[in-house]
Amino acid sequence: MRPIFLKITVTVAFVFAFVACSNDGKVRDLGVTAVKKLYEPDNGKDVVLQPSASATLYFEWEPARAEDSGNVLYEVVFDRADGNFSDPLFIAAADDNGGTNHATITHKQLNRIAALAGVESATRGTLKWTVYSSKGINPVKAEEERTLTLTRLAGFADIPSQLYLTGEGTEAGTDLSRALVTKKIAEGEFEIYTQLTAGRTFKFVNAASGTPAEYSLSGEKIVEGGTSTVSKTGIYKYYLDFNIGSFTTKEVTKVSLFLNWSQHKIELPYKGFGVWEITNHTITDLEGSDNSDDRYKFRMESSDGETEWRAINNDSKPTGNEAYYYMVERTNVEQWTNNQIWKNPATDGWSGKTYDVTFSLNPGGAYTHNLVIK
């Protein structure tokens, strides 16, 4: 943050210097007064930071005055509790590109500032802040300083914008350029369905090139550096939330096509890279009403129990739109539910026909499926 803001300050200073030069080349009227009073937040305010992107803290102070009666620029400056602002931790421009006597700073920014001060995740620490006023050069420190106590988020100060899985235990191996991308669920939240090999290491990284940040799993926490392993070769779902620094996992043991009326299950073998598929499968053992209803969905069995995968939001026959086949996981496992799918084209039953069925939880695209009648 500081190097970027320094460039802005230098540019602004050049402009101000240019317009403030007299005919004899001397700089005129670039002085400003110090901010005399800080208004908000209160001295010693205690803030428990929240992970929401909209969570902010408002800073305000008494305006300074410029010798030329023009506009003043402001910076909010943070330092350690025992610092003197000679080498501040963080400098933030006031709102409106520094031109107003207030600043809105997000909780996520404050979390990073607290991390710079050495405050550990999910712990409480105190910072010092003040305001500098200027015309772009020669900033003047406010007459007042205040402290701010922050309880850091349990997660990471720098949350990855994307996350990949790599390592000898993964389906793609150790070649970083082939690392498996995870699905971004929300800011700081990622998940992946993948096969892992017992005893072989894997890790998460924030880029598939260069020297990325690395993360591993310890207990129920995400930690920086290191590698992880599983004790059993299998297909796993990992969900990681960097906002709170924790993860969950489950082993997926079976995925089946589920025919609603007959409650007939057809197991789909795992093909790889988050895809289950069966080809040239002929159904022969359904009769009467068990054979006639076209509705279906998918069942998943895992170490967490059984769940269903159904259409996201429809209860009608196919429309021709590929989004009709997008899937979402549900925990209410019942014969009849909302958002079931209809076989297309509709036929005179399931039996006596051959099918290719693909169920894809590959994070490179939408969670979806495909059913082909041959």
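Residue indices begin at 1 and follow the sequence shown. Side chains included, hydrogens not; waters and symmetry mates left out as well; all remaining heavy atoms used.
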Minimum heavy-atom separation for N344 and P318, please, with both atom names. CB-CG, 3.5 Å
Do the numbers put K183 on top of the ring of Y367, so that NZ or CZ is under 6.0 Å from the six-membered ring centre and no more than 45° off the axis? yes
Above 12 or not: heavy atoms from other molecules or residues under 6.0 Å from CZ of R295? yes
When you look at CZ of R200, are more than 12 heavy atoms from neighbouring residues, nucleotides or ligands closer to it than 6.0 Å? no
Given H369, which of Y325, Y296, W276, W309 fulfils the side-chain hydrogen bond (donor to acceptor under 3.5 Å, both in side chains) condition? Y296
Look at K232 together with E251 and state whether they make a salt bridge at an N to O cut-off of under 4.0 Å. yes
Basic-acidic side-chain contact under 4.0 Å: R80, D82: no
Apply the test side-chain hydrogen bond (donor to acceptor under 3.5 Å, both in side chains) to residues T307 and E329: give CA-CA distance (whole Å), side-chain angles for both, the deciding distance (0.1 Å), then the verdict. CA-CA 7 Å; T307 55; E329 189 174 23; 2.7 Å; yes
Is any side-chain heavy atom of I283 less than 4.5 Å from a side-chain heavy atom of K353? no
Side-chain touch E40/F59, heavy atoms, less than 4.5 angstrom: no
For residues 150-167, the salt bridge (Lys or Arg N to Asp or Glu O under 4.0 Å) pairs (sequence neighbours left out) are none
Take K135 and D68, measure what salt bridge (charged side-chain N to carboxylate O under 4.0 Å, His left out) needs, and give me the verdict at the end. CA-CA 10 Å; K135 294 291 287 185; D68 64 357; 3.3 Å; yes
What's the verdict on side chain to side chain contact (heavy atoms under 4.5 Å, CB included) for L57 and L110, showing C-alpha distance, side-chain angles and the deciding distance? CA-CA 9 Å; L57 186 62; L110 292 169; 3.7 Å; yes
Could you point out which residue of F298, Y326, Y193 forms a ring-ring contact (aromatic ring centres under 6.0 Å, His included) with F359? F298
Remaining members of L163's ILVMFWY cluster at a side-chain heavy-atom cut-off under 4.5 Å? F156, I159, L165, L180, F190, I192, L196, F202, F204, Y215, L217, I222, V230, Y236, Y238, L240, F242, F247, F273
Side chains of Q335 and N260: is there a donor and an acceptor less than 3.5 Å apart? no
What's the separation between atom NZ in K108 and atom OG in S54, rounded to the nearest 0.5 Å? 9.5 Å
